[in-house]
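Values reported hereafter were calculated over all heavy atoms of this structure, with side chains retained and with hydrogens, waters and symmetry mates removed. Small disclaimer: the values here were computed from a predicted structure and weren't measured. One is the number of the first residue; the rest follow in order along the sequence.
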Amino acid sequence: MTSNLMQAVRIHQYGGPEELRLEQLPVPVSKPEEVLIRVHAVGVLPVDWAYRQGLMKEHVPLQLPFISGSAVAGVVADVGSRVSKFRKGQAVFGRASQGACAEFITTTVNTLASLPPNLSFREAATISGGATTAWMALFAHGHLQPGQRVLVHAAAGGVGSYAVQLAKWKGAEVIGTCSGDHIDYVKSLGADTVIDYRTTRFEDRVHDVDLVLDGVGGDTLERSWSIVKRGGTLLSLVDVPSTERAQQLGITARFSNELAPDTVFQHIGQLIADGQIKAPVGREFPLHEIRQAHELCQTGHGRGRIVLRVTD
């Protein structure tokens, strides 16, 4: 390390993308239970702009100013005295505990995994909040089994792109909804049926599915109740479904937001490294263009996961 200063993106007050400030800060020092990571890539998640705007402050209060982001991939630059899981110079990825959009960060290690040799930093940065969210919804909450039918809303997005692939890897029949521009892309991920939500009402095409994974909410969630078979499951990543209505229909419905353990990170990373699924890297931006990355993410119409390049 030639300097004790680094670049980092901080938010000093809640608001729009203009509140993302690229600043020079001292390189942090890891505590005994932390590692210091030289960051190579960061995934931009929808929750990042929600935090930036203050939409999450009632549920997850953050002390201002704070460093944006959480999905990280990089190399361990230093190891705290109580850390035995990782060593200096080891490539890692996962979810950072104190922000990710900086050249160096410190983080606890319970949501970090070792980077497989065939997995790039940019690919690894798409896993936290994308693949892990899809995994926990499909398997931990949805208990998806081979041969079942699953409908994935927003199938071209950062979570949906992984959900389609993971459900197909499990042996399920996969139906995806997306805009017409993304139909070929979603088919390339393995979806058996793809519905253009702009031209076709999915409830007119699909019935009796075992599992619905909703990443849209609102009217899309409301219309999804009718297509779940009795005994099936409706999961939303953005809204809290009514438990009373679920009981009336004889289905399970819940908000799916559980964080994944490090074993899930490692498993998914290996699946990508082995070529069994693909990391859906969408647009890439350098760190200093984080405002443009947030603006694109906030439209909700991107393909795959937006990635920030921090260190080449």
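- Using modelled atom types, no side-chain atom of Asp239 and backbone atom of Pro241 make a donor-acceptor pair closer than 3.5 Å.
- Leu20 has its side chain within reach of Arg52: a pair of non-hydrogen atoms, C-beta onward, lies under 4.5 Å apart.
- Considering OG1 of Thr126 and CD1 of Ile268, their distance stands at 9.5 Å, rounded to 0.5 Å.
- Judged purely by atom type and a 3.5 angstrom limit, Asp48 uses its side chain to pair as donor or acceptor with the backbone of Leu45.
- Applying the salt bridge (charged side-chain N to carboxylate O under 4.0 Å, His left out) test to Lys170 and every residue at least two apart in sequence or in another chain returns nothing.
- Taking 4.5 Å as the limit, every side-chain heavy atom of Ser256 sits out of range of all side-chain heavy atoms of Ser236.
- Sorted by first and then second residue, the side chain to side chain donor-acceptor pair (under 3.5 Å) pairs involving residues 148-157 (not counting sequence neighbours) are Arg149-Glu173, His153-Thr177, His153-Ser224.
- Residues Gln266 and Thr263 have side chains that never bring a donor and an acceptor to within less than 3.5 angstrom of each other.
- The pair Lys31-Glu33 fails the salt-bridge criterion, with no side-chain N (NZ, NE, NH1 or NH2) lying under 4.0 Å from an Asp/Glu carboxylate O.
- Heavy atoms from other residues, nucleotides or ligands lying under 6.0 Å from NZ of Lys187 number 12 at most.
- In this structure, a donor-acceptor pair under 3.5 Å is present between the side chains of Ser97 and Thr107.
- In this structure, Glu295 has no salt bridge (charged side-chain N to carboxylate O under 4.0 Å, His left out) partners at least two apart in sequence or on a different chain.
- Side-chain contact annotation: His12 with Glu19, donor-acceptor N/O pair under 3.5 Å absent.
- Side-chain contact check for Glu34 and Gln98: at least one donor-acceptor pair (N or O, by modelled atom type) lies under 3.5 Å.
- When all heavy atoms of Leu211 and Gly142 are compared, the pair lying nearest together is CD1-CA, 4.1 Å.
- Between Arg95 and the options Asp262, Thr108, Leu112, Leu259, a side-chain contact (heavy atoms from CB on, under 4.5 Å) holds for only Leu259.
- Using modelled atom types, one side-chain atom of Asp196 and one backbone atom of Gly180 make a donor-acceptor pair closer than 3.5 Å.
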For this session: Evaluate the criterion salt bridge (charged side-chain N to carboxylate O under 4.0 Å, His left out) for residue pair Glu284 and Arg122; output intermediate values, then yes/no.
Result: CA-CA 9 Å; Glu284 293 186 63; Arg122 60 196 285 272; 2.8 Å; yes
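- Listed by chain and residue number, Phe139, Trp169, His267 satisfy the ring-ring contact (aromatic ring centres under 6.0 Å, His included) test with Trp135 (two or more places apart in sequence, or in another chain).
- The ring-ring contact (aromatic ring centres under 6.0 Å, His included) test applied to Phe265 returns no partner, not counting sequence neighbours.
- Defined by atom type and a distance below 3.5 Å, a donor-acceptor pair is present between the side-chain atoms of Ser161 and Tyr185.
- Side-chain contact of Gln165 with Gln276: a donor-acceptor pair under 3.5 Å is absent, judged by distance alone.
- Checked by atom type and distance alone, the side chain of Thr200 never pairs as donor or acceptor with a backbone atom of Phe202 at under 3.5 Å.
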Exercise. Can you check salt bridge (charged side-chain N to carboxylate O under 4.0 Å, His left out) on Lys168 and Asp192, steps first, answer last?
Worked result: CA-CA 9 Å; Lys168 196 64 181 176; Asp192 299 285; 2.7 Å; yes
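- Rounding to the nearest 0.5 angstrom, the gap separating the CG atom in Leu115 from the OG atom in Ser120 is 7.5 Å.
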Problem set entry | Derivation of the salt bridge (charged side-chain N to carboxylate O under 4.0 Å, His left out) call for Lys88 and Asp78 | CA-CA 5 Å; Lys88 188 174 179 179; Asp78 198 14; 5.5 Å; no
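- Not a single salt bridge (charged side-chain N to carboxylate O under 4.0 Å, His left out) links Arg309 to another residue, sequence neighbours left out.
- Side-chain atoms of Tyr162 and Thr132 form no donor-acceptor pair, as typed in the model, at a separation below 3.5 Å.
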